[in-house]
Amino acid sequence: MAEKQHLYLVDGSAYIFRAYHRLPPLTDPEGTPVGAVYGYTTMLWKLAEDLDKAEGPTHLGVILDKSSHSFRNDIFPEYKANRPPPPEDLVPQFPLIRDATRAFSLECIEEQGLEADDLIASYARAAAAQNWDVTIVSSDKDLMQLIGEGSESIGKIDMLDTMKNQRISIPEVAEKFGVAPELVGDVLALMGDSVDNIPGIYGVGPKTATKLIQEHGSLTAALDSAADMKKSKLKERLLEHRADAELSRILVTLKEDCDLPVPIESFKLDGVPPEPLATFLTKHGFTSLLRRLDTGSGSPERTTNLNPAKAITAGVAGTEKGNRQASPEMTPIDRSAYECVQDRETLDRWISKCFAARVIAVDTETSALDAMQADLVGISLATGPNEACYIPLAHGGSDMFTEKPKQIDREEALEALRPLLASDAVLKIGQNIKYDLNVLARYNTPISPIDDTMIISFDLDAGRGEAGIGGGHGMDELSVRHLGHSPLSFKDVCGTGKKQIPFGEVPLDRATEYAAEDADVTWRLHSLLKPRLPIEGGTKVYERVDRPLVPVVAQMERHGIKVDRAQLSRLSEEFATTMGTLETQIHEDAGQEFSIGSPKQLGEILFDKLGYKGGRKGKSGQYSTDLTMLEKLAEQGAGIATRVLEWRQLAKLKSTYTDALQAAINPNTGRVHTSYSLVGAQTGRLSSTDPNLQNIPIRTEIGRQIREAFVADEGNVLLAADYSQIELRLAAHMADVPSLKEAFEQGEDIHSRTAREMYGEVNRETRAQAKTINFAILYGISRWGLAGRLGVEADEAQAMIDRYFERFPGIQRYIAETLETVRERGYSETLFGRKTWFPRINSKNQAERQGSERAAINAPIQGTCADIIKRAMVRMMPALDTAGLGHVRMLLQVHDELVFELPEGDVEAATSIIRNVMAKAAEPAVKLDVPLGIEIGSGTSWGAAH
DNA sequence: GATGTCACG
DNA sequence: GACGTACGTGACATCA
């Protein structure tokens, strides 16, 4: 009897309410809602898994509420009377909680007339009395009354909030209530509880209640003192409502001496037997958990880098000779096992197989990379390791002398596949499934519901790549990292360069190996990565933000945006003419012809031949000729520098925009379709490629003409809505800076406010400096960096930084705390729980470390901003739809801006919906202390909409 | 394929 | 004492 017993009491009823509100509305294969049950199951899993850990349970029991009526209703009929009924799709989940508990072979206690809290109190006291430690798994404030340090003969009682992964003991109670646990009931009796309909003292809230109990030491003393208080509202209320407080004290008192329905010893946790757990997990489609149960963890050497969650191993008896068998996802890839589907019968067999599997991987093969133009060449499906097929649909045909291979007619095959791809009962996994969504959308074949291994990987591991190992989320990389397997590469089957052939020309045996392997690998990756989400805290951001965003962004890409080709062409010509003139002059200045676009040649001309002052830079030994350098030379009177700068600007605009955008117009739609990456930026921002529509010029007059070329379709206008100063607003909230928050609440100019705080005076110069400093703060600051930007000495810059921190101490605290947690945990987190990893934060290399530190300061702010606009995007079309504005098209996202296309007559109605969705996008998950300002404009072009 | 430059938030 | 000097991106031209 050496080791101390530790009883965990799970407040099951309270948990599922919270799980319901914090997890996605999942349904099982039979259509029963199971989101909350899933959350509950993973929580039990995690607790049971801690069996051998120091703080882990030796005994575990679940306590539930039997019914809504308890002895408290006999005392006070209105008790809990104004609780709204539970949500419709939560009701069927209550009985499943009992099923889940029994599936874990755990005791599940409930008693008529008693609330779960009373049973928990009684078990906790009984266990502590025999010197067991007790942990109550709940965050219910009423239960905080029970917390205690324990003594030599009495066990310790604490609480565990599994949602926040937080232990609650005396210091946490003191922080919340300002008093010791024994006095929590007195505080609660004064403040009351509107949810439970406990009256308390009318007009007394948590602050006043705490103060009264702190001052007087008990409820009775506080109430007695009222008579001697000087005249005040509070005095009146205490006197008038004394009876309410006394009634409340009774209601909040936990009954600690209930008869225990089963003895405490029966909570003994002895590992979880595989049955009936496996049956339960199967029935409700919790396949990812099921696989973990079957197999134990994967080979450690293949997964060390990413530390996947340890699988539950307790009670997995029956594996031969005690050896763990390899996980199914680790079964060696066998390409010869894949099937090529060339006739209808085989296809139908695979479709049935997919319906039965319920979780399948899908991959499309196409003739090109552009989802908006590529032809569909084939589809591959996987239902499990080495269970995969390829369905060729458009192979052969480029060579009129050889016969096309046998394959099912494309439209016939799609017709057969549509019910499967659209079925709610079958989850379709893809690696970058947005691509497949867009290709198949052009064949009238929607896919839903979906999962995306690339995005799951990103939500778990963004930023996690070590130097040289690679931290990307592409399939080949993920496959090597997690499966220890290099899939056939596209090059292997299609060749490269001039010899490259389109996928449709690849012989079917080879195409099957490649395509089916991709689906197989995707399926395996999903089974490894998806279970990590709930365990590592990634579910919220994946389910609530990134997964629902996929179809939204896909639709935006398909919409595209119209550009005025003639306008772009005019600009191209104009730029070319001016560049020609400049080129001649520059060559004259230089006394020779040279390639102006070559920094190497330019540097040699400027510094060697013409003898201007300037230094070498970097290990390449090249002269620097960038903007700041050329501006310095221009100040010295170098006319050539001015002309080179102008030439460069035009060259940039022409090559990157006016020429490239014309080439990017899709011949079928006449519009430009960008491709957004949801995993492109470590912070959670989107990025835009082919073409990049997130860096269209706006800052200079000449560049702005390019924005004029982005236009609305006839009869429509473009509407641009952007968050104003959102990053500074979030910084004010997250760092808790009262003066900045106040400035935003009052709609003040934030840079002027900063200038006033720092210099006591607002003029053009101080405002400009304040603006620079404000941004410097968001990016992590160094005295040299700031000095360079402001053109002052480093000492002076340091003085400004000191002054800033003095005026806004919250900012300094935020930076210190952020860095501390990142150093400790390895990642930063946004307000919505998105993680970004910083593996180099503790590097011995100073430059590397400081770079990570600056990025880590910025990531929570930039990332929270990204989360907010993503949430707005997810909600936007449903909101517009409800308002009868379903025809409004959302076209572009530029980090803090959304661009829409709509009939001119709808601008007013749409403006109010869009503003509302954007302004409230953080809610209800996060309540910001600052308002989110939205600026909206419209016009026939993007330029005019600003 | 690396490097330098510059467009955006 | 040197390092390299603001966060996050993508595209293009040049050159090895």
Chemist: Describe the nucleic acid contact of Thr772(A) in one word from base, sugar-phosphate, nothing, applying a heavy-atom distance below 4.0 Å.
Modeler: base

Chemist: Which residues pass the ring-ring contact (aromatic ring centres under 6.0 Å, His included) test with His673(A), sequence neighbours left out?
Modeler: none

Chemist: Would you confirm whether Glu748(A), through its side chain, and Ile750(A), through its main-chain N or O, come within 3.5 Å as a donor-acceptor pair?
Modeler: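 Checking the backbone N and O of Ile750(A) against the side chain of Glu748(A), no donor-acceptor pair under 3.5 Å is found.
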
Chemist: Atom CD1 of Ile801(A) to atom C1' of dA6(C): distance rounded to whole Å?
Modeler: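 Interatomic distance, CD1 of Ile801(A) to C1' of dA6(C): 11 Å.
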
Chemist: Verify the contact: side-chain N or O of Ser782(A) to OP1 or OP2 of dA6(C), cut-off strictly under 4.0 Å; return yes or no.
Modeler: no

Chemist: Asp896(A) has an atom CG; how far is it from atom P of dC8(B), in whole Å?
Modeler: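 Value for this atom pair: 13 Å.
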
Chemist: Using a cut-off of 4.0 Å on non-hydrogen atoms, how would the nucleic acid contact of Ile698(A) be classed: base, sugar-phosphate, or nothing?
Modeler: sugar-phosphate

Chemist: Look at all strands and tell whether Arg648(A) reaches a base, only sugar-phosphate, or nothing, counting heavy atoms closer than 4.0 Å.
Modeler: sugar-phosphate

Chemist: I'd like the C1' distance from dC8(B) over to dC3(C), given in whole Å.
Modeler: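 So the two C1' atoms sit 30 Å from each other.
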
Chemist: Given dC7(C), dA7(B), dT5(B), which nucleotide is nearest the side-chain atoms of Asn858(A)?
Modeler: dC7(C)

Chemist: Counting heavy atoms from C-beta on, name the nucleotide in dA2(C), dG8(C), dA6(C) closest to the side chain of His895(A).
Modeler: dG8(C)

Chemist: Can Asn438(A) and Arg558(A) be counted as having a side-chain donor-acceptor contact under 3.5 angstrom?
Modeler: yes

Chemist: Across the strands shown, which category fits Ala847(A) at heavy-atom distances under 4.0 angstrom: base, sugar-phosphate, nothing?
Modeler: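 Contact class for Ala847(A): none.
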
Chemist: Rounding to a whole Å, what distance do you find between Leu728(A):CG and dA6(C):P?
Modeler: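 Atom CG in Leu728(A) sits about 18 Å away from atom P in dA6(C).
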
Chemist: OP1 or OP2 of dG9(B) sitting under 4.0 Å from any side-chain N/O of Arg685(A)?
Modeler: no

Chemist: Looking at dC8(B), does its base get a donor-acceptor pair with the side chain of Gln694(A) below 3.5 Å?
Modeler: no

Chemist: Verify whether one side chain among Asp867(A) and Thr864(A) offers a donor that lies under 3.5 Å from an acceptor in the other.
Modeler: no

Chemist: Mind calculating the distance between CG (Asp722(A)) and C1' (dG9(B)) to the nearest angstrom?
Modeler: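 Atom-to-atom, Asp722(A) to dG9(B), this comes out as 10 Å.
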
Chemist: Can you confirm whether the side chains of Asp589(A) and Gln585(A) place a donor and an acceptor under 3.5 Å from each other?
Modeler: no

Chemist: Would you indicate whether the side-chain heavy atoms of Gln769(A) and Met758(A) approach each other to under 4.5 Å?
Modeler: no

Chemist: For dA7(B), does the base pair up with any side-chain atom of Arg699(A) as donor and acceptor (N or O, under 3.5 Å, distance only)?
Modeler: no

Chemist: Leu686(A) near the nucleic acid: base, sugar-phosphate alone, or nothing, with a heavy-atom cut-off under 4.0 Å?
Modeler: nothing

Chemist: With sugar-phosphate meaning primed atoms plus P, OP1 and OP2, does Gln682(A) contact a base, only sugar-phosphate, or nothing at under 4.0 Å between heavy atoms?
Modeler: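 Counting heavy atoms under 4.0 Å across all strands, the contact made by Gln682(A) is with sugar-phosphate only.
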
Chemist: Students often get this wrong, so: under 4.0 angstrom with heavy atoms, is Ile696(A) touching a base, only sugar-phosphate, or nothing?
Modeler: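 The residue Ile696(A) makes sugar-phosphate contact but no base contact.
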
Chemist: Distance check needed: dG9(B) P versus Ile861(A) CD1, whole Å only.
Modeler: 19 Å

Chemist: With the side chain of Ala681(A) defined as its heavy atoms from C-beta on, choose the nearest nucleotide among dA6(C), dT9(C), dG9(B).
Modeler: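 The closest nucleotide is dT9(C).
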
Chemist: What string of B, S and - do you get for nucleotides 11-16 of chain C 5' to 3' if you count protein non-hydrogen atoms under 4.0 Å?
Modeler: BSSSSS

Chemist: The side chain of Ala855(A) lies closest to which of these nucleotides: dC8(B), dC6(B), dC7(C)?
Modeler: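 So the nucleotide nearest the side chain must be dC7(C).
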
Chemist: For nucleotides dC6(B) and dT5(C), find the distance between their P atoms and express it as a whole number of Å.
Modeler: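 About 15 Å, rounded to a whole number of Å.
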
Chemist: Please name the nucleotide paired to dC3(C) by Watson-Crick or G-U wobble geometry with both distances under 3.5 Å, or report none.
Modeler: none

Chemist: Nearest-Å distance, CG (Asp626(A)) to P (dA7(B))?
Modeler: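 From Asp626(A) CG to dA7(B) P: 12 Å.
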
Chemist: Is there a donor-acceptor pair under 3.5 Å between the side chain of Arg671(A) and the backbone N or O of His559(A)?
Modeler: yes

Chemist: Residues two or more places apart in sequence or in another chain: which of them pass ring-ring contact (aromatic ring centres under 6.0 Å, His included) with Trp647(A)?
Modeler: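 Counting only residues at least two positions away or on another chain, Trp647(A) forms no ring-ring contact (aromatic ring centres under 6.0 Å, His included).
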
Chemist: For dT5(B) and dA6(C), measure between their P atoms and round to the nearest Å.
Modeler: 15 Å

Chemist: Please give, in whole Å, the distance from dC8(B) C1' to Ile702(A) CD1?
Modeler: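 Spelled out: CD1 on Ile702(A) to C1' on dC8(B) is 17 Å.
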
Chemist: Paired with dT14(C): which nucleotide, if any, by Watson-Crick or G-U wobble criteria at under 3.5 Å for both distances?
Modeler: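 Partner of dT14(C): dA2(B).
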
Chemist: Do Gln373(A) and Asp370(A) have side-chain N/O donor and acceptor atoms under 3.5 Å apart?
Modeler: yes

